[in-house]
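Following: one structure in structure tokens, then a few remarks.
In what follows, residues are counted from 1 in the order of the sequence shown. What you see is a predicted model, and the numbers here were worked out from it, not measured in a lab.
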Amino acid sequence: MRSWLKRQWRAGYERLLRREISGTPTHVAVIQDGNRRYAREQGGDAPDGHREGAQTTEQVLQWCQDLDIEELTLYAFSTENFERPQEELDPLFDLLARKLREFADNEKVHENEVRIRAIGDVSMLPERVRSAVRYADERTRDYDRFVLNIALAYGGRNELLSAARTVGESVEAGDLDPADIDVGTIEDRLYGRSVRDVDLIIRTGGDERTSNFLPWHANGNEAAVFFCAPYWPEFSKVDFLRAIRTYENREQSWRQTRARRALALLRAFGTAELEEARTVVDRFRDSLSGEERDEANRVAEEPQPAD
């Protein structure tokens, strides 16, 4: 009886959360933490936790597609994970290789045109994992409706250092003028050079840190962050929807802040040189209070001084 009531409550809460969500992020990145701790508490070993976590991964992929999210990045294996005991690494590498191939052959992946890519220093991984990465890439390379990035042998600091080194080498070789270095120069040299900016980072397992994950794509975009207590194998759709709601609240706050900053500039100056501020106010006008919107309308109607 109690389990039935719990299921009913969860289903009702899912419906409530779904009704509260009016928009979704384009790119969600997930730090799948807690597999090993979950396994220990269940009386099992680390590989048991990783296998349970793989089932959660499949569910999250479906939830993303249900909500029209366009890109998902999963932090599957960091560079620091190589320090784990070999008796733990071997089953994990086997699982990664098997799941990559299963995903690449899954009918839903092809029906939904899911592009599967690995980001990170894949050369550090065993051949069986590299082979599975190549297989998944080849099987899905023509798709672009949804993108699934698997971060393998990934470290954000290493990614930025590698990009900086290649920029330095290009400058030294005379192929690149320092004056021409811009955002695109760096992005072209990142592991995930075609990865979108991250809108939301989710971390399970109770730790409140982003662990050097996608610093260029997430920090540079001021991504929202959602930390939750459940271990990855326990992560539920309710948790996922709560994370999406956190993103929505964060996005609304960001829009409001941008609009108010621009409005403050117009209050102070109101000149033609502040056309960008006028554009921002107009774009995010709906985030302002009624009184602020009235003021923005008045400022917008004021004649512009001649150049």
Side-chain angles (χ1 to χ4, degrees), residues 27-39 45-58 60-61 71-106 109 114-141 143 147-166 187-195 198 201 203-205 210-218 232-233:
H27 183 185
V28 175
V30 183
I31 302 172
Q32 308 154 277
D33 197 18
N35 290 317
R36 294 188 299 169
R37 283 174 287 163
Y38 172 83
D45 297 322
D48 300 315
H50 293 307
R51 282 190 291 271
E52 293 282 341
Q55 295 179 16
T56 302
T57 298
E58 294 178 23
V60 170
L61 181 59
E71 188 158 352
L72 173 66
T73 299
L74 300 171
Y75 205 174
F77 191 85
S78 72
T79 50
E80 290 79 11
N81 290 154
F82 282 106
E83 299 174 4
R84 293 180 180 178
Q86 196 62 42
E87 59 269 21
E88 181 180 329
L89 289 177
D90 283 336
L92 178 55
F93 289 144
D94 290 341
L95 179 64
L96 287 170
R98 185 173 73 253
K99 284 298 178 181
L100 279 166
R101 290 181 179 277
E102 286 180 3
F103 272 27
D105 290 334
N106 190 293
V109 164
V114 177
R115 174 78 164 94
I116 302 174
R117 306 183 301 201
I119 60 173
D121 191 355
V122 178
S123 64
M124 299 175 66
L125 297 166
E127 172 55 29
R128 61 187 183 280
V129 181
R130 297 200 304 272
S131 174
V133 165
R134 291 192 296 270
Y135 181 77
D137 180 80
E138 290 166 2
R139 289 276 284 150
T140 64
R141 68 172 55 213
Y143 299 149
V147 177
L148 173 62
N149 303 307
I150 312 293
L152 295 169
Y154 179 87
R157 184 174 294 179
N158 288 343
E159 180 180 33
L160 295 180
L161 283 173
S162 176
R165 288 192 190 102
T166 58
E187 289 185 341
D188 287 342
R189 291 162 169 78
L190 296 174
Y191 295 144
R193 52 188 173 274
S194 53
V195 170
V198 176
I201 291 181
R203 180 171 187 144
T204 61
T210 56
S211 294
N212 203 21
F213 188 34
L214 296 171
W216 181 273
H217 299 92
W232 180 242

Inset, instruction - Kindly indicate whether the side chain of Leu125, heavy atoms from C-beta on, has any atom under 4.5 Å from the side chain of Leu96. - result: no
Legend entry - Between CZ on residue Arg84 and CG on residue Asp90, distance to nearest 0.5 Å: 13.5 Å
Legend entry - Value rounded to 0.5 Å, distance of OH in Tyr154 from CG in Asp121: 12.0 Å
Legend entry - Under 3.5 Å donor-acceptor, Arg128 side chain and Ala97 backbone: no
Legend entry - Glu138/Arg134 ion pair, N-O < 4.0 Å: no
Inset, instruction - Over all heavy atoms of both residues, which pair between Leu95 and Arg51 is shortest? Give the atoms and the distance, please. - result: CD2-N, 3.8 Å
Inset, instruction - Taking the side chain as every heavy atom from C-beta outward, state whether Asp105 and Tyr135 have any atom pair closer than 4.5 Å. - result: yes
Inset, instruction - Would you name the heavy atoms of Ala136 and Ala104 that are closest together and state the gap between them? - result: CA-CB, 3.7 Å
Legend entry - Polar side chain donor-acceptor pair, Glu102 to Asn106, under 3.5 angstrom: no
Legend entry - Min side-chain heavy-atom separation Arg115-Asp137 under 4.5 Å: yes
Inset, instruction - Would you kindly say whether Ser131 and Arg101 are connected by a side-chain donor-acceptor distance under 3.5 Å? - result: yes
Inset, instruction - Work out which heavy atom in Gly156 is nearest to a heavy atom in Pro215; give both atom names and the distance. - result: CA-CD, 3.6 Å
Inset, instruction - Determine whether Arg203 and Thr210 make a side-chain contact, defined as any pair of heavy atoms from C-beta on separated by less than 4.5 Å. - result: no
Legend entry - Nearest-0.5 Å distance, CD of residue Gln32 to OG1 of residue Thr204: 7.5 Å
Inset, instruction - Taking all heavy atoms of Gly53 and all of Pro233, pick out the closest pair and write down the distance. - result: N-CG, 3.9 Å
Inset, instruction - Kindly say whether Arg157 contributes a backbone atom to a donor-acceptor pair with the side chain of Asn212 at under 3.5 angstrom? - result: yes
Legend entry - Polar side-chain atom of Thr166 near backbone of Ala163 as donor-acceptor pair, under 3.5 Å: yes
Legend entry - Glu52 versus Asn35, side-chain donor and acceptor atoms under 3.5 Å: no
Legend entry - Separation between CG of Leu152 and OH of Tyr75, rounded to the nearest 0.5 Å: 10.5 Å
Legend entry - Distance in Å, Lys99 NZ paired with His50 NE2, rounded so as to fall on 0.5 Å steps: 14.0 Å
Inset, instruction - Give the minimum heavy-atom separation between His27 and Leu72, together with the two atoms involved. - result: CD2-N, 4.2 Å
Inset, instruction - Answer whether the closest heavy-atom distance between the side chains of Leu61 and Glu58 falls below 4.5 Å. - result: no
Inset, instruction - Kindly compute the distance separating OG1 (Thr140) from CG (Leu148), expressed to the nearest 0.5 Å. - result: 8.5 Å
Legend entry - Residues Leu214, Ile119; criterion side chain to side chain contact (heavy atoms under 4.5 Å, CB included); working and verdict: CA-CA 10 Å; Leu214 296 171; Ile119 60 173; 4.0 Å; yes
Legend entry - Leu160 side chain near Leu190 side chain, heavy-atom distance below 4.5 Å: yes
Legend entry - Asn158 and Tyr191 side chains, donor-acceptor separation under 3.5 Å: no
Legend entry - Arg36/Asp45 salt bridge by N-O under 4.0 Å criterion: no
Legend entry - Side chains of Phe213 and Val198 in contact at under 4.5 Å (non-hydrogen atoms): no
Inset, instruction - Taking the side chain as every heavy atom from C-beta outward, state whether Phe77 and Val129 have any pair of such atoms under 4.5 Å apart. - result: no
Inset, instruction - Give me the ring orientation class for Phe93 and Phe82: parallel if the planes are under 30° apart, tilted from 30 to 60°, perpendicular past 60°. - result: tilted
Legend entry - Nearest heavy-atom neighbours spanning Val114 and Tyr143: O-CD1, 3.3 Å
